[in-house]
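Working notes, structure below.
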Amino acid sequence: MRSALGHWNTGLGVYLAACLAFAAHAQEAKPSAEAKPSAEAKPNIVIIGTGGTIAGAGASSVNTAAYQAAVVPVDKVIAAVPEVKNIANVRGEQIFQIGSESFNNQRLLQLGKRVSELLKQKDVDGVVITHGTDTLEETAYFLNLTLKSTKPVVVVGSMRPGTALGADGALNLYAAVVVAASKEAVGKGTLVVLNDEIHTGRDVTKTNTFKTETFRSPYGPLGYIVEGRVLLYRLPARPHTVQTEFDIDQIKALPEVHVAYAYGDMSRTAYDGFVKAGVKAIIHAGTGNGSVSEFIVPVLKEVRSKGIHVVRASRTGSGVVIRNGEQPDDKYDWLVVDDQNPQKARILMALLLTRTNDSKELQKLFWKY
Ligand code: GLU
């Protein structure tokens with residue numbers, strides 16, 4: 001239970017209320033009579049539950065922003081959307097029950113390896129992952145870069161718990177299953193589905209703390225889901241899944257890469273702390289075009305002299321960081337991200353470091369992915 005919600009009922013009370021609400025919808029909602037493939041012909045989709053708001057519950061129907069995340073088991077979340085049975089044979093699998101802010105490298109690897117295992121099974125045609133929205137984009141980008149399969153993988157979440165008025169989880173889950181079961185999603189990399197939109201895991205990011213239209217890609221979504229139909233308008237341009245040099249099955253651990261956020265009056269404390277902790281690279285979430293204040297330049301030069309990579313990124317949320325633009329990267333042997341935001345740069349840098357430590361090679365790979 002979040003501390004701010006200490007006046008609420010116990011977790012058990014919230015959990016029971018949530019189960020009742022989910023069960024009520026499941027009873028009311030009848031699968032529609034639309035023409036769909038026969039049971040045998042339906043694709044088999046595994047829905048992996050990791051927690052988040054899509055598995056959340058509030059004390060009342062007006063709690064759209066204050067509630068407890070990660071309390072409803074994935075099977076209950078699925079049972080509340082019987083319409084998915086028209087689309088696919090689905091089964092749930094609970095891997096975690098956490099808020100996505102509690103994802104770490106170890107959980108990321110555990111999830112990736114399980115998805116990979118499932119995708120190798122003949123009787124699995126696609127995977128949907130229910131996920132908290134806070135770090136959903138990091139997981140999606142990681143899977144997009146490391147899974148070795150063309151079968152669809154869709155990461156889905158919701159901004160409102162299932163107990164709330166205007167809950168978005170049920171429709172999002174339905175849409176995610178539609179996409180995971182579709183031919184259109186084959187070979188497109190890890191996709192993210194929320195709010196009727198399909199995004200590539202590479203580009204999408206959470207842009208708003210509470211609105212249901214929070215997930216955006218700087219270049220727009222790949223497409224929409226409208227009444228159970230997948231409408232694609234663009235394709236991912238950068239290498240993903242089977243096209244990359246990263247293989248989730250081969251990765252035993254991810255090197256420590258951390259992000260330092262820049263602002264006026266920035267101090268060197270964060271950098272010193274990361275160096276002391278033994279990180280392999282620091283993502284400098286710089287102001288503007290990855291700029292570095294005059295008093296932090298010597299700190300970053302010091303960091304690099306210790307063999308730790310410095311990656312200039314931007315806190316602006318979009319755009320390309322230009323090499324040798326704001327800073328002489330060639331001279332300092334620093335790296336720049338292409339257009340990835342700092343949290344995605346962390347994922348990419350950790351993966352790149354499993355392949356090479358050569359800064360010229362690392363720079364090329366940043367521009368590739
Ligand atoms: N912080 C929680 C999480 O990311 C809830 C937010 C959400 O899922 O929308 O899992």
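Just follow the structure's listing: the first ligand is 1, and inside any ligand the first atom is 1. Computation of the quantities below employed the complete heavy-atom set of this structure, encompassing side-chain atoms and omitting hydrogens, waters and symmetry-equivalent molecules.
- Contact of the Leu351 side chain with the Ile251 side chain is registered, since non-hydrogen atoms from C-beta on lie closer than 4.5 Å.
- Short contacts between ligand 1 and Glu101, defined as distances under 4.0 Å to a heavy atom of the residue, involve ligand atoms 1 (N), 2 (C), 3 (C), 4 (O), 10 (O).
- For ligand 1, the atoms lying closer than 4.0 Å to a non-hydrogen atom of Thr53 are 5 (C), 6 (C), 7 (C), 8 (O), 9 (O).
- Residues Asp329 and Arg312 are paired through a salt bridge, judged by an N-O separation under 4.0 Å between the basic side chain and the carboxylate.
- With a 4.5 Å cut-off on side-chain heavy atoms, Asn172 and Thr130 do not count as touching.
- Each of the following atoms of ligand 1 lies closer than 4.0 Å to a heavy atom of Gly99: 3 (C), 10 (O).
- The residue from His199, Arg202, His131, Gln343 that alone fulfils the side-chain hydrogen bond (donor to acceptor under 3.5 Å, both in side chains) condition with Glu137 is Gln343.
- A side-chain donor-acceptor contact under 3.5 Å links Lys148 to the backbone of Phe246.
- Ligand-side atoms of ligand 1 in range of Ser100: 3 (C), 4 (O), 10 (O), range being under 4.0 angstrom from any heavy atom.
- Residue contacts with ligand 1 for Ser158 involve N, CA, C or O but no side-chain atom from C-beta outward (heavy atoms, distance under 4.0 Å).
- Below 3.5 Å of separation, one finds no N or O of Thr135 facing any N or O of ligand 1.
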